[in-house]
Amino acid sequence: MMISRGKTILLWVFFLAIFSMAVFTYLDGDGTLMWMYRRGVKFIKLKIQMEDWIDFSTWLDSRFEFANTEPKGMPLTEWFDPRLRREVSTLTSWGAPIIWDGTFQTSLLDDHYKQRKVTVGLTVFAIGKYLDKYLKNFLVSANTFFMPGHNVIFYIMVDNVSRVPQFELGPLRKLRIFQVSKEQRWQDVSMMRMKTIADLVESQIAHEVDFLFCMDVDQVFQSSYGVETLDESVAQIQAWFYKAEKEDFTYERRPESAAYISYEEGDYYYHGAVFGGTPLHVLNLTRKCYEGIREDKKQNLEAVWHDESHLNKYYLLHKPNKVLSPEYCWDYNIGGSHEIKKIKLSWMPKEYYEVRSDD
């Protein structure tokens, strides 16, 4: 029996509707966010294989619409008073707070972020001898002092998973371990972490945390490193240069380098051992730094302080919303200072002859 043209069209519409419902049910069952996440991962892998950064701004705008909502902070005047530490600089020239102990109201900030149930991520690399020498002290102290009372995810990058130290995680803490390849030179480990962090933020971290810090492993937490440090873009003043003139900063001074900063430019010398912000900001920072590193390599150049030089160039062009005082990353070798009231994080002894040797 012949089917009329109209019935044929209706039949096709019916089958298309059934097919669409099946696809929708599959996606909904697996979670729309997860489906988009997996599709994004395939795209990321393609980009990694190409080993080139391209403009993903439009794609990222739509993708981050489905990521954790990045919480808005309290108005600065409600929790921060720059007049409480008159002996030090507490505001940048562009109006960002410089966080010193005693300038902020801890209880107000804690209540604000607890109500919003924020999750803060912390990445750290422990490669080669750095793993055995520093990782346990870093993790144990971070477990106690990093964002106490708030949800935390530690992202640990190692070259040997079997040597990750065992310790008991505190409440509200999670641990993610990733195996990464060991570069031949420690300089390459330092520089390639920018690419690794960017890839990990795109594929996973952006969907799990509201804020993210990236730190070096050869440090130990001394006291509460809390939510007063959170913001969209956070930079750390390098302890050895917090009183220095900008002409004395160890920026990359060769004009041919992508990290170049002239003697007339500069705000602060920022430490590559601590930086952070929202996942999108950290993604932009690490992507730009890696891009600069690759540009230099094409010219057989290597910035004087490697990824830290590129980080300083990034913050020169993109001013941070919050700057952390040297109390948040102090070196005891500097000696005593009446300005340093309460150390939050300190450098461990830099025994480079041991951890950077090939033996």
Side-chain angles (χ1 to χ4, degrees), residues 37 40-41 44 47-48 53 55-57 59-61 63-73 96 99 113 118-125 142 146-147 150-157 174 176 178 180 189-217 219 225 227-237 259 270-294 306-324 328-329 345:
Y37 167 79
V41 168
I44 292 163
K47 185 189 71 173
I48 293 171
W53 292 114
D55 185 7
F56 279 72
S57 57
W59 174 71
L60 281 172
D61 287 344
R63 183 173 181 204
F64 273 87
E65 180 182 342
F66 297 92
N68 288 353
T69 302
E70 293 170 348
K72 301 296 182 182
I99 307 300
Y113 285 110
V118 299
T119 299
V120 184
L122 176 59
T123 72
V124 67
F125 286 72
F146 183 74
M147 303 295 158
H150 298 273
N151 298 306
V152 171
I153 301 178
F154 299 117
Y155 299 94
I156 314 302
M157 269 63 75
K174 295 180 181 178
R176 307 263 194 270
F178 301 87
V180 297
V189 172
S190 178
M191 291 188 289
M192 288 303 294
R193 71 170 178 148
M194 291 295 185
K195 182 181 187 299
T196 303
I197 291 171
D199 292 343
L200 192 57
V201 169
E202 284 188 312
S203 64
Q204 181 167 348
I205 293 177
H207 303 278
E208 296 184 331
V209 306
D210 302 292
F211 296 97
L212 177 66
F213 274 94
C214 306
M215 297 187 182
D216 284 357
V217 72
Q219 305 179 105
Y225 195 108
V227 292
E228 73 277 1
T229 62
L230 300 180
D231 212 311
E232 181 180 355
S233 170
V234 183
Q236 171 69 57
I237 294 176
Y270 299 110
H271 201 171
V274 176
F275 60 90
T278 57
L280 181 56
H281 163 75
V282 173
L283 173 62
N284 290 338
L285 183 155
T286 51
R287 184 170 64 179
K288 285 294 184 182
C289 287
Y290 180 61
E291 185 179 88
I293 291 167
R294 291 190 62 209
H306 319 295
D307 55 332
E308 184 174 84
S309 297
H310 292 277
L311 178 139
N312 272 275
K313 180 61 175 286
Y314 177 88
Y315 279 130
L316 176 67
L317 301 176
H318 309 276
K319 309 296 188 191
N321 300 97
K322 184 172 287 182
V323 176
L324 303 181
Y328 285 85
C329 190
L345 178 71

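Hydrogens, waters and symmetry mates play no part in the numbers below; they use all other heavy atoms, side chains included.
- Looking only at side-chain heavy atoms (C-beta outward), F211 and V227 stay at 4.5 Å or farther from each other.
- For the pair H281 and N321, the minimum side-chain heavy-atom distance is 4.5 Å or more.
- Ring-centre distance between F275 and Y315: not below the 6.0 Å cut-off.
- Using a 4.0 Å cut-off between a side-chain N of Lys or Arg and a carboxylate O of Asp or Glu, E208 and R176 qualify as a salt bridge.
- Counting heavy atoms from C-beta on, the side chains of L212 and V201 come closer than 4.5 Å.
- Checked by atom type and distance alone, the side chain of K288 never pairs as donor or acceptor with a backbone atom of H310 at under 3.5 Å.
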**OP:** Kindly indicate, with the supporting measurements, whether the criterion side-chain contact (heavy atoms from CB on, under 4.5 Å) is fulfilled by T196 and F125.
**Re:** CA-CA 10 Å; T196 303; F125 286 72; 3.8 Å; yes

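- L230 has its side chain within reach of F213: a pair of non-hydrogen atoms, C-beta onward, lies under 4.5 Å apart.
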Subject >> Worked check of side-chain contact (heavy atoms from CB on, under 4.5 Å) between M147 and T229 >> reply: CA-CA 9 Å; M147 303 295 158; T229 62; 3.2 Å; yes

**OP:** Check the pair Y225, V274 against side-chain contact (heavy atoms from CB on, under 4.5 Å), reporting the backbone distance first and the verdict last.
**Re:** CA-CA 12 Å; Y225 195 108; V274 176; 3.4 Å; yes

**OP:** Evaluate side-chain hydrogen bond (donor to acceptor under 3.5 Å, both in side chains) for E291 paired with Y314, printing each intermediate quantity in order.
**Re:** CA-CA 11 Å; E291 185 179 88; Y314 177 88; over 6 Å; no

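- For K319, the side-chain hydrogen bond (donor to acceptor under 3.5 Å, both in side chains) partners two or more places apart in sequence, or in a different chain, are D267.
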